[in-house]
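Side-chain atoms are counted along with the backbone in the values below, which use heavy atoms only and exclude waters and symmetry mates. Along the sequence shown, residues carry numbers from 1. Indexing begins at 1, ligand by ligand and atom by atom, following the structure's order. All values reported here derive from a predicted model rather than from experimental measurement.
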Amino acid sequence: MSDPAFDLLLPFVQDAPADSLWLADENLLGSQLAPRSNIRMIGNRLDLVEAARARGWQADWSDFDLSSIADGSIARVLYRVSKEKALVHHNINQAVRVLKPGGQLILSGDKGEGIKGYLDRTRALFAGQGDTEKASANCWRGLFTKSEQPGTHLDDKDYQQLRPACSDEHFSYWSKPGVFGWDKIDRGSAFLVQQLDSFLAELPAPPKRILDLGCGYGYLSVQASRLGVPITATDNNAAAIAACRQNFATQGIAGEVIPASCGAGIEGPFELILCNPPFHAGFSVEDDLTERFLNAAARLLGRGGIAAFVVNRQIMLERRAASRFRRIQTLAENGSFKLVLLAEAKTGA
Ligand SMILES: C[S@@+](CC[C@H](N)C(=O)[O-])C[C@H]1O[C@@H](n2cnc3c(N)ncnc32)[C@H](O)[C@@H]1O
């Protein structure tokens, strides 16, 4: 999947000076760019950071924590804006801090993501030292130069701080911007939890271990904690891992929260796998993610266990899962979601 806004950064990657910094989130996609020793990359998605490292990039995985980078030490920051406004503001504020006087921030993005507003606010932060250009119908790029007297920071909603973000009748959940649906309970996940008792009844014995695959801030883990069974929660997003660890600590949940892409490196077996996967209908990149989540579930599911996937009704999960599981059952459906139970993984799938 190509991203024209991402491509706008590329000329500035090619001629980046020494001490450049690239802030990269999921927009990095499957980029095959050759590594550049003068650019350090920071990303919040473990799989993308690992893929960049494997190609030779110097890449760090964090929730865009730039605190170890000294003030005024960076010559150029490259950033294709993220989806979340608080994160974009956080990164722009950090950029102005770490840039040397005369250093440049290159910003690109899409009109629908609010790039024009970001460019205006960044220009004010850089005390007017910037040029912006409309590169195509929807894409804009800005080049800003750090002045001696930067303006007021953008409102980043205290991006880094975990906070009580939402609650239901039993629990309050800690979360933060940068986590999927960070301040609400996802309707698909709530639908899965409504069916929890009915699919637990299908297990031949109570589960000994539970896996929350793609855990976000850990809603499913917190809900499943009433079963009193150790829970392993995993996600590839640094903000999600931080929030989920906080919820494990607050709720006293036994288990661990592991950063991994699609459960890679995690050891099974789990008799219960809960998953609200990150797929949306119709994107080829997401097809690959579907495969990887299904493969992880098949690999990690224990004998007699169940993997419960809640997905958008349009997703043909049952068809995709057929090569990996012998038993596939759509347990429940509503206007938006369906809950699919997968059992009896085929060995070697
Ligand atoms: C639809 S959200 C569900 C989050 C959470 N389980 C909930 O119920 O609120 C999907 C989650 O999958 C995570 N995710 C996306 N790609 C991933 C990958 N390659 N490996 C692991 N997790 C991933 C996202 O960060 C997100 O937290």
K.L.:
Identify the closest protein heavy atom to atom 5 (C) of ligand 1: which residue and atom is it, and at what distance?
P.N.:
C215 O, 3.2 Å
K.L.:
Hey, which of Q94, R121, E84, K157 is the one that makes side chain to side chain donor-acceptor pair (under 3.5 Å) with H89?
P.N.:
R121
K.L.:
Salt-bridged, D63 to K176, with N to O below 4.0 Å?
P.N.:
yes
K.L.:
Honestly curious: do V81 and W140 fall in one hydrophobic cluster under the side-chain, below-4.5 Å linking rule?
P.N.:
yes
K.L.:
Side chains of Y173 and D168: donor-acceptor distance under 3.5 Å anywhere?
P.N.:
yes
K.L.:
Between the side chains of K116 and D120, is the shortest nitrogen-to-carboxylate-oxygen separation below 4.0 Å, so that they form an ion pair?
P.N.:
no
K.L.:
Between G214, G216, S189, A190, flag the one that comes closest to atom 6 (N) of ligand 1 by a heavy atom.
P.N.:
G214
K.L.:
Side chain, backbone, both or neither: which applies to L289 and ligand 1 if a contact is any heavy-atom pair less than 4.0 Å apart?
P.N.:
side chain
K.L.:
Does at least one non-hydrogen atom of G218 fall below 4.0 angstrom from an atom of ligand 1?
P.N.:
no
K.L.:
Are R245 and E256 close enough for a salt bridge, meaning some N to O gap below 4.0 Å?
P.N.:
no
K.L.:
Decide whether Y217 and I241 are clustered together by the hydrophobic rule: side chain heavy atoms of Ile, Leu, Val, Met, Phe, Trp, Tyr closer than 4.5 Å, transitively.
P.N.:
yes
K.L.:
Which protein non-hydrogen atom lies closest to atom 27 (O) of ligand 1, naming both residue and atom, and how far is it?
P.N.:
D235 OD2, 2.7 Å
K.L.:
Does the distance from a Lys or Arg side-chain N to an Asp or Glu carboxylate O, for R303 and E344, drop under 4.0 Å?
P.N.:
no
K.L.:
For atom 2 (S) of ligand 1, what's the nearest protein heavy-atom neighbour? Residue, atom name and distance, please.
P.N.:
F180 CD2, 3.3 Å
K.L.:
Which residue holds the protein heavy atom closest to atom 1 (C) of ligand 1, what is that atom called, and what is the gap in Å?
P.N.:
N276 O, 3.3 Å
K.L.:
For ligand 1, is any non-hydrogen atom under 4.0 Å from Y173's backbone (N, CA, C, O), its side chain (CB onward), both, or neither?
P.N.:
neither
K.L.:
Could you identify the single nearest non-hydrogen protein atom to atom 14 (N) of ligand 1 and state the distance to 0.1 Å?
P.N.:
N236 OD1, 3.5 Å
K.L.:
Do me a favour and list the nearest non-hydrogen protein atom to atom 20 (N) of ligand 1 with residue, atom name and distance?
P.N.:
C262 N, 2.8 Å
K.L.:
For atom 15 (C) of ligand 1, which of the options P278, C275, S221, C244 provides the nearest non-hydrogen atom?
P.N.:
P278
